[in-house]
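Reckoned from all heavy atoms, side chains included, excluding hydrogens, waters and symmetry mates. Per chain, numbering begins at 1; letters A, B, ... match sequence-line order.
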Number of protein chains: 2
Amino acid sequence: MSKAKTSSKGLPPVPVAPRPTESLNEERKAPSFPVREMTYFLDNGREAAEFKDKVMAQLERDPLWRMDNTPDLSLLQLRERTLAKFGNIINFMESEPAPVFWQRMAVLSVVDPAFWTRLGVHMGLFLGAVRGQATSEQLDYWVGKGAMNLGGMVGCFGMTELGHGSNVAGMETTATFDEENDEFVIHTPTVTATKWWIGGAAHSATHCAVYAQLFVKGVRHGVKTFVVPLRDPRTYNLLPGVTIGDIGKKMGRDGIDNGWIQFSYVRIPRSYMLMKHTKVTRAGEVIEPPMAQLAYGALIMGRVSMVVDSANMSKKALTIAIRYAAVRRQFGDSPAALETKLLDYPIHQYRLLPLLAQTFALNFTGIEMTKLYQNLMQRIDNASDGAGLAETIELLKETHATAAGLKAFGTWNCVNTIEQCRQSLGGHGYSSYTGLSNMYTDFVVQCTWEGDNTILTLQCGRYLVSTLRDHRKGKPLAKNVQYLTRALTGIKQFPGRTARDIIQVDALREAWAAVAASAVARATAEFEKALAKGLNKDQAYEQCSTLRLLCARLHCYGYLVNRFTDAIQRAPASLQPALTNLCLLYATYTIQENSGEFLQAGFFDSEQLAVIREAMNDLLAIVRKDAVPLVDAFNYTDYVINSPLGRYDGNVYEAYFNLVKTNNPKHNDIPYFDSVIKPLLTRTSEPLEAPQLDF
Amino acid sequence: MSKAKTSSKGLPPVPVAPRPTESLNEERKAPSFPVREMTYFLDNGREAAEFKDKVMAQLERDPLWRMDNTPDLSLLQLRERTLAKFGNIINFMESEPAPVFWQRMAVLSVVDPAFWTRLGVHMGLFLGAVRGQATSEQLDYWVGKGAMNLGGMVGCFGMTELGHGSNVAGMETTATFDEENDEFVIHTPTVTATKWWIGGAAHSATHCAVYAQLFVKGVRHGVKTFVVPLRDPRTYNLLPGVTIGDIGKKMGRDGIDNGWIQFSYVRIPRSYMLMKHTKVTRAGEVIEPPMAQLAYGALIMGRVSMVVDSANMSKKALTIAIRYAAVRRQFGDSPAALETKLLDYPIHQYRLLPLLAQTFALNFTGIEMTKLYQNLMQRIDNASDGAGLAETIELLKETHATAAGLKAFGTWNCVNTIEQCRQSLGGHGYSSYTGLSNMYTDFVVQCTWEGDNTILTLQCGRYLVSTLRDHRKGKPLAKNVQYLTRALTGIKQFPGRTARDIIQVDALREAWAAVAASAVARATAEFEKALAKGLNKDQAYEQCSTLRLLCARLHCYGYLVNRFTDAIQRAPASLQPALTNLCLLYATYTIQENSGEFLQAGFFDSEQLAVIREAMNDLLAIVRKDAVPLVDAFNYTDYVINSPLGRYDGNVYEAYFNLVKTNNPKHNDIPYFDSVIKPLLTRTSEPLEAPQLDF
């Protein structure tokens, strides 16, 4: 047994670490690609990138858009700021062409997600409903009332109810036609029918697009949309029969004033029902539209913009995590050695760099889907004129399913990226001043709204199963599901066995195509087994729901890999090597994470997977060298990043210390010292006294 | 092409849903097990369960412990409440035996995590440091000053620095021995040396256990612990040389006042250094202890309590999610059908029920680890007296590694459970009044503090690799790593092929043992390959870090499966069938989720996995029937659950509506109507005016 020993020799001196700014700048000495070119490519062109620069510079200078002190603002202060920005941004909305304003919005969403939502409620949801569902006369009327430029009216969107979210068809609010007065009576019959989560209702809306069950002559005709005035725009008093309350504190996005609304027999003119599709005549005749499906086009826009937002938010999170990892040092090879940068640890690379690769994949996916959506909308506009309707409906179905799957896939993965980045900051990730905690609580709602992610993923899976079944009967496959032909021919093992054969963009793309096709085939088999047991279609789809979920997820992986490889092909030569490494990292990482699927499909065996795993480790080391230039290429200014740990100059500790110091009161102000602390410090513990009993 | 059609037939009436309370109560009609018996078993005995009942009842009646209005409290209000509770709870601390008070704390942690932390900082960290590192004379001294009963002093724990967290040995704060005055000089030499995240420092502590580099006669002797007074307990003014600031807003747990501390040449008597281990004599002689390792025992307690807390928080989250899923209805088989309960959807079962099974596994793991820890502490106490030292050190190493791995595994899985439960509530999960959003933001810090989860998991992996290597050289295996013998003999495929063979507790336990052993063997091979390349041990461990992470994770799965099967064996017969179903569900689900590992290890082939997958689906349907009784058995009162959606009676909508209504101001109070909304409503858009130019 060892003994206590006297020590006079002691330990070597702790080495002096280089300054944080030096640690970061040395990362920028030799990027393997031209950084600014990469920015142009990611932003889909130089023009868009330069416009983004301008927007960021404008915002940074405008005191209304100050963001560094938001952690300490109260709910009401946040809401006031949101609405003040609202007033400020309309000028751009009026003066900029729509695609340019969309680009502005993409920046705003990264700067202030709550503002983005509040504006989106009016512009995307309320106006979207009016534009998509009003007759042209009705549209003119509401535009004349100020719907477009927010003079005289601010809209909100009354779809969800306390008891009804995803199942829109089941909602309870009623709109009963009163033939005598040519009016609709809007009513909330139960507590669960209360309109709930209505963004902007609590404090800021004058009108609401209300979804309600249409009743005419005692007969229900399903859910339709009605514009219902809520408040007098002069006094802002609630109109008769309208009750509104505040939903209050949420996990995040407190800048948006969600509210609840109850209607007690509120009367509106018949013409306030939006009648582009279903019409109710003066005599109470209900005329149903021929092509109700086309109305779903509007849903797609929100989902596409969430894929874009997922990419953008991931960029912001990774910029913080990767720059910090290039500055932060922890443990060394010996007590005398300089501590190692986090970014130099293989495990830290493994935590962050696949997410970086995924962010590139999401970025390219967002660009492609935006194009797809614009193309689709144009065709729908033409289709209403009669041309190529059947084909347009096929395209709509495919885009709808893909957008549903990718909205879920993108937002779930973005949430994971944010949280992984947050945890990678260690304790500092828990501070509200380092940016990622609020980013998480703001972003995570995207997994739920505009279609719960699980339900959307299942929808996508349903589309895949039914597409494969149709294809078996001879129906041709749309472009993005061509890979399903593999489900007919069966999956063969990949012949190559060495890294040279396997670690190729084409081989890995084929791997994802094969395994996704295999999963769709398995889901389809389970579906058909259930049908054979005598279940109806809906029941059979329920029975295969875990496999539907799985195959939709694998479909999305394959989709992202494909968008990445497409992007490499159209990229400037100077960017291709760096992009190829990222793409290979993404593919090898995701294959490794889903290795069970590849083995079960019989596409790779365990030795091939070992090759992939080793290649992934090599790729991590390669991509690590470019890690800081790659996040620099995302091109968010310090103002947008809004985290001292993600600063461009790397001076993280001083900036963080100063921010915390500035935003918090001095020690002396302890309002509860006398009432709470002092009694604690001066307490003495004495047992309860009691009179003596002599029996 | 179809044409517009007039519709007078319309849709069938919407069926009237049963009342929410009925929907929930019907779930309780025929539990397959005695619910109260299950509570006793989960709580490790009837006595403990009944004590928990009492604690819950006491708290609910005490106005200090009101929790339903916390979402709207400000940071300062939350902190004031935390400290008021602090004063209130000391009475119990003084009067109850330690194990009983621990049980009380386990309830408190579920009711108010921030309070639990604030008390834990004093009781666990500060007092733990003093108890574990003070000589008996020093301990008497600090107890006399009020350390135990909080009369006159409130402690905090000064370990982490702005620039140093996990690497304690690298911290920068200095404690320099001034021989002339027989004092230490405590100093913060740089910004990064600022003590950071110090719980209680901002507003409530009078003393700090400061970790600092000991310098004697110009020589560094490593990090030691010093008690440093911070504030005058009478005036609460900061003492000379002490600067303190507030860390401010965090992601959660705002009730605890984390602060930062800087020392400017602060002098303390030599005897304020805690000298149970290292001693500094009056003459400046430094005497190092023989057995520094034993000090690590103290770290284990925090980690064990986090495993227990992970189980308890998972129980709370699942009670909310599962009760709500038995009430909430969504979509029906047809427009005329009653909507289906969420809990009846296979996909919803798949989302929640494996997490329920996991919670049981974590619960039993927490019980076992608490026992293990108490046993270890007893042996360490004896060991200091000289008996069985080597064996105790082996046990310490095993417990330390297992506790590290399970702290990470438990907290990560609990975070996932909370977030999955939150998302399963749909939009309502985003409200601060439904409980899960704050549960997430409060809990997630546990993945970082007292050892970053990634680092802890790697530590556990390192232990497994080195244990396997030692075992190869003939060293016997400790109890919980006996399974590693399989790594020597090689893994053979499981012979059974039918559900009858495979879906057995013993078979699945063997499956986890085999695949964990296989992963440890792979990590060890990668480690040895790196050694063979000439890397040193530390570098080789870095090289195999992704596999170390993997094998530690699989080790933890196996550990939980084993604790679950142990529990079944000692359970009353009436509970065994229900517990067995849960255990089989846990094992089949986790095998399915990690199917790649089982295929790669060659333990199961894809056909066997298909059998497991099908069995898992069957088990979901079986466990679903007991789902509500199972969460009832967790036995948390509505007060503890603190979510209208998780109420015992199922009256979720009314309770939620009323809570939101009560906690938020009426519509009329819009403080920014005149300043912000009115200008928006009355705005007119006019182009900029400009003078005409005639050139």
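- The residue among A:Gly427, A:Gly165, A:Pro233, A:Gly87 with the most heavy atom pairs within less than 4.5 Å of chain B is A:Gly427.
- Listed options A:Gln330, A:Glu172, A:Arg328 were ranked by heavy-atom pairs under 4.5 angstrom with chain B; first place goes to A:Arg328.
- Heavy atoms of B:Tyr440 lying under 4.5 Å from chain A belong exclusively to its side chain.
- Heavy atoms closer than 4.5 Å to chain B are found in the side chain of A:Ser675, but not in its backbone.
- Without hydrogens or angle criteria, A:His164 side chain to A:Gly170 main chain gives a donor-acceptor distance under 3.5 Å.
- Contact of A:Leu75 with chain B is not made at all, since no heavy-atom distance falls under 4.5 Å.
- For A:Lys279, the NZ atom is densely surrounded, since the number of other residues' heavy atoms within 6.0 Å is greater than 12.
- The side-chain heavy atoms of B:Pro671 and A:Leu76, taken from C-beta on, include a pair separated by under 4.5 Å.
- With hydrogens and angles left out, the side-chain atoms of B:Tyr653 and A:Trp196 include no donor and acceptor closer than 3.5 Å.
- Counting only heavy atoms from C-beta outward, the side chains of B:Arg422 and B:Ser437 approach each other to under 4.5 Å.
- The contact between B:Ile455 and chain A is made entirely by side chain atoms (from C-beta outward), counting heavy-atom distances below 4.5 Å.
- Proximity to chain B (any heavy atom under 4.5 Å) is shown, for A:Arg79, by both the backbone and the side chain.
- Ranked by heavy-atom pairs under 4.5 Å with chain A, the first of B:Asn167, B:Leu549, B:Ile247, B:Asn594 is B:Asn167.
- Only the side chain of A:Thr194 has a heavy atom closer than 4.5 Å to any heavy atom of chain B.
- Looking at A:His221 and A:Val216, their side chains come closer than 4.5 Å, going by heavy atoms from C-beta outward.
- By the 6.0 Å contact criterion, CD on A:Glu339 is enclosed, its count of non-hydrogen atoms from other residues, nucleotides or ligands being greater than 12.
- Of the possible polar contacts, none joining the B:Arg220 side chain to the A:Gly10 backbone as a donor-acceptor pair under 3.5 Å is found.
- Comparing B:Ala610, B:Gly252, B:Pro20, B:Gly222 by heavy-atom pairs within less than 4.5 Å of chain A, the highest count is held by B:Gly252.
- Contacts between B:Glu593 and chain A at a heavy-atom distance below 4.5 Å are absent for every atom of the residue.
- Residue A:Thr192 touches chain B through its side chain alone, counting heavy-atom pairs closer than 4.5 Å.
- For chain A, no part of B:Ser74 is nearby; none of its heavy atoms comes within less than 4.5 Å.
- Each of A:Asp538, A:Thr454, A:Thr243, A:Asn617 has some count of heavy-atom pairs under 4.5 Å with chain B, and the biggest count is that of A:Thr454.
- Looking at heavy atoms from C-beta onward, A:Ile347 lies out of side-chain contact with B:Arg548 at the 4.5 angstrom threshold.
- For B:Gln423, the side chain to side chain contact (heavy atoms under 4.5 Å, CB included) partners two or more places apart in sequence, or in a different chain, are A:Trp412, A:Val444, A:Cys447, B:Arg351, B:Glu419.
- Counting heavy-atom pairs under 4.5 Å between each of B:Arg234, B:Glu654, B:His428, B:Met153 and chain A puts B:His428 at the top.
- Side chain to side chain, B:Thr546 and A:Arg613 meet the donor-acceptor criterion of an N or O pair below 3.5 Å.
- Heavy-atom pairs under 4.5 Å with chain A were tallied for B:Ala169, B:Gly152, B:Ser595; the largest tally goes to B:Gly152.
- Contacts between B:Val445 and chain A at a heavy-atom distance below 4.5 Å involve backbone atoms as well as side-chain atoms.
- Of all the listed residues (B:Trp260, B:Phe331, B:Phe598, B:Tyr345), the one sharing the greatest number of non-hydrogen pairs under 4.5 Å with chain A is B:Phe331.
- Between atom CZ of residue B:Arg231 and atom OH of residue B:Tyr236 there is a gap of 4.5 Å, rounded to the nearest 0.5 Å.
- For the set A:Phe673, A:Trp449, A:Tyr350, the entry with the most heavy-atom pairs within less than 4.5 Å of chain B is A:Phe673.
- Per-residue heavy-atom pair counts under 4.5 Å with chain A were compared for B:Leu599, B:Leu83, B:Leu162, B:Asn453, and the maximum is reached by B:Leu162.
- Contacts with chain B were tallied for A:Leu150, A:Asp257, A:Val191, A:Thr682; A:Leu150 has the most, counting heavy-atom pairs under 4.5 Å.
- Between chain B and the options A:Asn258, A:Thr448, A:Thr190, A:Val660, heavy-atom pairs under 4.5 Å are most frequent for A:Val660.
- A donor-acceptor contact closer than 3.5 angstrom links the side chains of B:Asn664 and B:Tyr433.
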